[in-house]
Amino acid sequence: MTSRREFLKFGVSGLGLAAAGCGGGSGSNGAPAAGVPVSSPAPVGATLRVAPGSADIGAGELPGALLYNGAWPSPTLRLQRGAPVDFTVANDLSEATNVHWHGLFVPWEVDGHPSVVIAPGASKRHQFVVTNRAGTYWYHPHPHGATARQAYLGLGGLLIVDDGSDPARGLPTGSSDVLLVLADKRLGGLSQLSYAPTATDLAEGLIGDTLLCNGRQGLRVPVEPVWTRLRLLNASNARILNPAFADGRTFWLIGTDGGLMDAPVALTSVMLSPGERVELLVDLAHDGGQQLRIVSQPFALGTTPGMGYAQTAPLDVLLLDVAQVAAGPSGTLPAAFEPINRYQSAAAVTERRFQLTSGMSMGAMGSGPQINGLSYDPNRVDFQVPVASLERWLFANMSPMPHPMHIHATQFQVLTRGGTAGGRVPTDLGWKDTVLLGPLETVEIAVRFDGNPGRYVLHCHNLEHEDGGMMSNFEVV
Ligand code: C2O
Ligand code: CU
Ligand code: CU
C-alpha cells in the first residue's frame, strides 16, 4: 500500500480509481508522478467523490482523512483552456461540503461559495468553460466554518490549466514539469489525522510539526539533469513558506497564481503563503547524479518583538534525485513570455479600503480576525462591483499577524506595497489571486471582474482566520 501510486482516470461513464502500479518518475500523458495522482483527460462526465479514508504519508496509513476519489494526496485535475468542464461532485461525507476552483473564473453557483453547499449524500453538477490563462490553480472545499478542517484532513488538489503552448514557449514538460503541493500537519506522534485546533491556533492559524510534500514525508522526486520546472502550491492552513535550494543556487520565478509572468526573475528564495502558487525554472544540467535539497529558509515578518511571524530554522521540503544522464536536450531559460497588459491605476473608477484586524489588534481585543471591523455574515453583502470596471483596492493590515488575502473570481495586479511600486516583491509582478500582507503592511491592487455576475467572497487564506470570520461577501453586478 505504501508504495502504491494511485493513478486517476476520467472516463466518459465516470471517474474510476485504478491502482495502477505505474512506478517511476512520470505517468504516460507527459504528467509527472512525484507522488501526485494525475488525471487524464479533461473531466467531462466524470464524478469527484468526497469520502472519508486514510492518509498514507509514507510511514503507514493514518485514518481520519477526507479524500477525493479515495486518493491521498488529492488528484491533480488537468483542464484545457477554452474547454468545457462538466462533472459531478458527490458528497459521501456525513457533513456538508462544496468545491471551490481557486483562481478560476466560474459562475458563482459553482464557485463553492461558503453558503452554497452539497448536503451529505447529495451531489452537484458543475459546468463551466475554462477561460483562465494556462497556469497552476487548485481546488478545495469551502463550506462556511468547516473549510479549515476539511482542507486540513486532505481535501485539496492542483488544477493545471494547459493551453498546449508550453513546448513552443520553451518550457519543460513531462517529468521535467514537477508538481509540488506543500502542506503542514500536526502529527506529534498521533496514529491518526485529526484537526484539533487550540485557542491559539484559532487566533493565529494552525502551524503543524510536519511539512508534507505531495502528501508524503521526506518526498524524493526523480528528475533529469536538464532545465526543470517546479510548480509549488502552499496548501497549508496557515504556515507561510520560503522555498529555496539548500545550496543557495539561483532559480527563476516564471509564474504566479494566474500563470506565466512576462519574463523570468532571478531569485534564491521565494515567499509562498497559504493559497499562493509559484512556477520556477532551475538549471539542473550540471547536477547529474546529485541529490538536491529544497528547504524553506528561515525568515521573519514583522518587527514587533514577540509578535509577527517567523520561521527560525530551515525546514526540509523535498529531495530532487537527479539522474546521471539526460534522455534529451538540456533546455534553456526562455528570455520572455507573453507580455502582461499592465492596468493603469489612474483608470480605476472606484477605490475601496479594507482594514485587516485580528483579535490582537489595538482596539479589537477578542473580536477575532475581521475585515473593516466586521466578521463574516453569510447573509450580508458588503459591496457591489460592476462587471468590467477597474477598481483600486487598498488592503491595510492593522494587525501584528500576516494575512494572505484572496479574492474569488478574478486575477488582479499589485500596484504598490508599503506605499510604493518599488516596495513590491517579485511575485507581485505577475497575475495574482492571493497576496500576502505582513504585519502592519499595506498593499494596493488593481482589480477587475470581467464576467460571471453573482455573489463571491474575499478572505484571508489563513484558513483558521477564514473560518473565524475574516471573510466578506461581495456581488459582481
Ligand atoms: Cu482557496 Cu476562497 O479560497
Ligand atoms: Cu479562491
Ligand atoms: Cu489572516
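All ligand and atom numbering here is 1-based and tracks the order in the structure.
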### Message
The criterion is side chain to side chain donor-acceptor pair (under 3.5 Å); which residues satisfy it with Arg81, sequence neighbours excluded?
### Response
none
#### Entry: Within-4.5 Å side-chain heavy-atom neighbours: Leu62 and Ile57
yes
### Query
For the ring pair Phe474 and Trp108, is the centre-to-centre distance below 6.0 Å?
no
### Task
Could you tell me whether Tyr456 and Phe449 have their ring centroids closer than 6.0 angstrom?
no
### Message
By the definition side-chain hydrogen bond (donor to acceptor under 3.5 Å, both in side chains), identify the one residue from His406, His461, His142 that meets it with Glu466.
### Response
His142
### Query
Among all residues two or more places apart in sequence or in another chain, which pass the side-chain contact (heavy atoms from CB on, under 4.5 Å) test with Glu338?
Arg169, Leu260
### Message
At a cut-off of 2.8 Å, what protein N/O/S atoms sit near the Cu ion (ligand 2)?
### Response
His100 NE2, His406 NE2
### Task
Test side chain to side chain donor-acceptor pair (under 3.5 Å) on Thr147 and His100 and set out the steps.
CA-CA 10 Å; Thr147 298; His100 168 55; over 6 Å; no
### Message
I need the protein N, O or S atoms closer than 2.8 Å to atom 1 (Cu) of ligand 1, given as residue plus atom name.
### Response
His102 ND1, His140 NE2, His461 NE2
### Query
Do the rings of Trp101 and Phe87 sit parallel, tilted or perpendicular, given the 30° and 60° boundaries?
perpendicular
## Note on the structure
Taking atom 2 (Cu) of ligand 1 as the apex, His408 NE2 and His459 NE2 span an angle, rounded to 10°, of 110°
### Task
Please determine, by modelled atom types, if Gln411 and Asp257 share a side-chain donor-acceptor pair under 3.5 angstrom.
no
### Query
Would you call Asp209 and Arg186 a salt bridge, using N to O less than 4.0 angstrom?
no
